[in-house]
Amino acid sequence: MMKRMLKWLGYVVLAVVVLVGVVWVLGERKLAARTTPEAVAVVPIPSDPATLARGEHLARSVAGCAGCHASDLGGDPAWAVEPGLLPAPNLTPGGVGADYTTEDWVRALRHGIAADGRKLLIMPSGASAAMTDEDLGAVIAYLLSVPAVERDIPKRDGEIMASLLVGAGMIPTADELAADVVPLSGFTGVDIASGEYMVAIADCAGCHGPLLDGNPPPGGPA
């Protein structure tokens with residue numbers, strides 16, 4: 001009896017190991033995949049004070065860029081560690097901002113794809129994809145105007161847990177979040193439509209659920 005139980009236990013352990021391995025491989029392939037960046041429609045990038053002020057407001061107070069990329073937007077070399085490394089890139093001209101074209105910024109923010117074709121991760125492209133061309137252009141204009149920060153940011157490395165979560169479909173990549181999202185109407189005043197727009201581009205649903213009625217942690221009560 002004991003031998004039979006141990007035998008079946010071995011089968012269960014083997015099945016779990018195989019399943020985890022398959023999920024990990026799927027996640028690794030998705031995160032390592034490179035797509036040929038397709039042409040995207042660029043947006044106007046004005047540089048007048050009002051546009052820069054609007055862009056700063058959206059980037060810092062609505063989109064929350066500083067929450068991941070540090071208060072100076074120079075990136076966080078260890079934004080997420082253990083059991084892998086998921087850094088937040090340097091957005092200033094001292095980092096990716098030095099090489100990103102307007103098209104690259106639009107592709108990353110609105111489509112979730114980096115300039116080199118990588119699928120971005122933990123990037124709320126679904127929210128920024130909902131921005132009007134004017135607001136997206138204002139955010140990009142502001143990012144282009146910030147002072148350069150010289151900070152070395154390592155590449156993603158050993159993202160074991162990230163690969164498992166992505167492979168299991170528990171964490172979508174940024175391009176998946178942005179898929180089929182179309183820009184909404186902009187902020188026009190204090191009304192429901194304008195509030196809906198701000199809630200969308202602030203990605204409130206990312207934490208609070210699509211109906212804003214709360215989003216329990218994995219395994220928590222519904």
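All values reported here derive from a predicted model rather than from experimental measurement.
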Heavy-atom pair with the smallest gap, counting every atom of [X] and [Y]:
| X | Y | result |
| --- | --- | --- |
| A174 | G112 | CB-CA, 3.6 Å |
| G75 | A70 | O-CB, 3.7 Å |
| P183 | T132 | CB-CA, 4.4 Å |
| P172 | L121 | O-CD1, 4.2 Å |
| E150 | G94 | OE2-CA, 3.9 Å |
| P93 | A98 | O-CB, 3.0 Å |

Would you say [Y] ends up clustered with [X] if hydrophobic residues are merged whenever their side chains have heavy atoms under 4.5 Å apart, either directly or through other cluster members?
| X | Y | value |
| --- | --- | --- |
| V139 | V42 | no |
| V199 | L58 | no |
| Y142 | M198 | yes |
| I201 | V181 | no |
| L136 | L177 | no |

Measure the spacing between [atom1] of [X] and [atom2] of [Y] and express it to the nearest 0.5 Å.
| X | Y | atom1 | atom2 | value |
| --- | --- | --- | --- | --- |
| L184 | D135 | CG | CG | 10.5 Å |
| L144 | T102 | CG | OG1 | 6.5 Å |
| L73 | C68 | CG | SG | 11.0 Å |
| L143 | L91 | CG | CG | 6.0 Å |

Evaluate the criterion side-chain contact (heavy atoms from CB on, under 4.5 Å) for residue pair L120 and D175; output intermediate values, then yes/no.
-> CA-CA 7 Å; L120 296 175; D175 63 311; over 6 Å; no

Other residues, nucleotides, ligands: >12 heavy atoms within 6.0 Å of D213 CG |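 Buried by this count: over 12 neighbours within 6.0 Å.
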
Pair listing, ring pair (Phe, Tyr, Trp, His ring centres under 6.0 Å) test, anchored in residues 101-139, at least two apart | Y100-W105

Any donor-acceptor pair under 3.5 Å linking the side chain of [X] with the backbone of [Y]?
| X | Y | answer |
| --- | --- | --- |
| N90 | I153 | no |
| S47 | L52 | no |
| R60 | S71 | yes |
| E103 | V40 | yes |
| T92 | V149 | yes |
| R110 | M131 | yes |

Within-4.5 Å side-chain heavy-atom neighbours: I113 and R118 =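 When only atoms from C-beta onward are counted, R118 and I113 do not touch, as no gap falls below 4.5 Å.
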
Can you find a pair of side-chain heavy atoms, one from L109 and one from M123, that are under 4.5 Å apart?
->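 L109 reaches M123 side chain to side chain.
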
Walk me through it: do R54 and D48 pass the test salt bridge (Lys or Arg N to Asp or Glu O under 4.0 Å)?
-> CA-CA 10 Å; R54 174 69 173 174; D48 59 281; over 6 Å; no

